[in-house]
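I have placed the structure first, in the form of structure tokens, so that the comments after it can refer back to it.
Order of listing sets the numbers, starting from 1, for every ligand and every atom in it.
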Amino acid sequence: MNKEELISRIKQLKKEKNAIILAHNYQIADVQDIADFVGDSLELSRKAASLKEPMIVFCGVFFMAETAKMLAPEKTVLLPEIDAGCPMADMATAPEVKAWKKNYPEAEVVCYINTNAEVKAECDICCTSSNAAKIVDSIDCDTVLFVPDKNLAAYVSRFAQKRVIPWEGYCYVHDKIMKEDVLKKRALYPDAEVWVHPECRPEVIDLADKVLSTGKMVLEARVTSKKHIIIGTEIGMIYRLKKENPDTNFYPLKETALCSNMKKIDLRSILKALEENRYKIEVPSEIRQKALGTIEKMLVV
Ligand code: 13P
Ligand code: SF4
């Protein structure tokens, strides 16, 4: 099947099954183009919770589809590639977090949305990259444990009036962006602003003009007067920014900042997902009950 045939078959099946396609900002261009809604982790969670359609084809990584399923348990949530996981989310397991918490009985535990449901079930409140500082600030406790991203924890602790103790996880895609990359790109594009994701290292954040989640990069790009912007996050972001802002020049801070799991889904796997109802995401109800509380607390802050 060629690309046009794939697209038309996906559209036809989507209609027949009353399905909706959600895609993260890092997905490949073809997937972003066929999606009904493209967004960051928080936007996609909110969208999943508010949709009327009975089926969601979730184009992102496992924890995102799992979060959508917990927010919309009556819907069929499909992840077209079952092994599209987030290596950072896999850096913390529920038994490890349970043991860690015991060392800080007075602390509240914040989990980044990039965690698996079992880990969320062990935590007090969830956050995403776009609301992490606000969530930590909202907690009425002097000590906060933050799992799993040490870089996001360090970023949040710049604003927090409390002690933030990090888990030792990180995103391999953002963590490999170095301050030398910023210096090099600034020299190449002296008129450009540098925007980076808060999963970047502290020394990279120190050199940036703006620190933004992927969703906030989209919003900022719509209002900025800057014509040249260096983007410090996964390279898929550049496609969305260019598509929406054809008169602005976006340059990747690091061309090799590529999340291979975010690139696993394509038109063929979306079609297979719709044809075969695969891969259905399920969350055991006792895990869902506890993890959902953590997510819902975040959604009302
Ligand atoms: P956003 O919430 O900014 O979309 O980030 C998700 C993610 O996985 C970043 O690597
Ligand atoms: Fe996980 Fe990093 Fe990929 Fe985001 S970019 S899904 S944090 S590995």
Tell me whether [X] is salt-bridged to [Y], with the criterion being a basic N under 4.0 Å from an acidic carboxylate O.
X: Lys75; Y: Glu53; answer: no
X: Arg163; Y: Asp142; answer: no
X: Glu244; Y: Arg240; answer: yes

Hey, quick one: are Leu78 and Leu13 part of the same hydrophobic cluster, counting side-chain heavy atoms closer than 4.5 Å, chains of contacts allowed?
-> yes
Can you name the atoms of ligand 1, numbered from 1 with element, that are less than 4.0 Å from a heavy atom of [X]?
X: Tyr26; value: 7 (C), 9 (C), 10 (O)
X: Ser213; value: 3 (O)
X: Glu199; value: 7 (C), 9 (C), 10 (O)
X: Thr214; value: 1 (P), 3 (O), 4 (O)

Stepwise, does the salt bridge (Lys or Arg N to Asp or Glu O under 4.0 Å) test hold for Asp33 with Lys243?
-> CA-CA 10 Å; Asp33 288 344; Lys243 185 175 168 182; 2.6 Å; yes
Below 4.0 Å from any atom of ligand 1, is there a heavy atom belonging to Glu234?
-> no
Close approach of Met88 to ligand 1, heavy atoms, under 4.0 angstrom | no
Residue and atom name of the nearest protein heavy atom (relative to [atom]), distance in Å to one decimal:
atom: atom 3 (Fe) of ligand 2; answer: Cys259 SG, 2.4 Å
atom: atom 1 (P) of ligand 1; answer: Ser129 OG, 3.4 Å
atom: atom 2 (Fe) of ligand 2; answer: Cys171 SG, 2.3 Å
atom: atom 7 (S) of ligand 2; answer: Asn114 ND2, 3.2 Å
atom: atom 8 (S) of ligand 2; answer: Pro87 CD, 3.5 Å
atom: atom 5 (O) of ligand 1; answer: His197 NE2, 3.4 Å
atom: atom 6 (C) of ligand 1; answer: Ser41 OG, 3.3 Å

Applying a 4.0 Å heavy-atom criterion (strictly less than), which segment of Asn261 is in contact with ligand 2: side chain, backbone, both, or neither?
-> neither
Using distance alone, determine whether [X] and ligand 1 share an N or O pair under 3.5 Å.
X: Thr128; result: no
X: Asn114; result: yes
X: Asp40; result: no
X: His24; result: yes

Assess Cys86: does it contribute an N, O or S atom lying under 2.8 Å from atom 2 (Fe) of ligand 2?
-> no
Could you walk me through whether Asp247 and Lys227 pass the salt bridge (Lys or Arg N to Asp or Glu O under 4.0 Å) check?
-> CA-CA 7 Å; Asp247 298 333; Lys227 285 287 153 235; 5.9 Å; no
Backbone N/O of Met178 and side chain of Asp181: donor-acceptor pair under 3.5 Å | yes
Look only at the side chain of Glu5 and the backbone of Asn2, and say whether a donor-acceptor pair between them is shorter than 3.5 Å.
-> yes
Greater than 12 external heavy atoms within 6.0 Å of Arg268's CZ | no
Which of parallel (below 30°), tilted (30 to 60°) and perpendicular (above 60°) describes Tyr26 and His174?
-> tilted
Does Lys47 make a cation-pi contact with Phe37, if we ask for NZ or CZ under 6.0 Å from the ring centre and within 45° of the axis?
-> yes
Close approach of Glu199 to ligand 2, heavy atoms, under 4.0 angstrom = yes
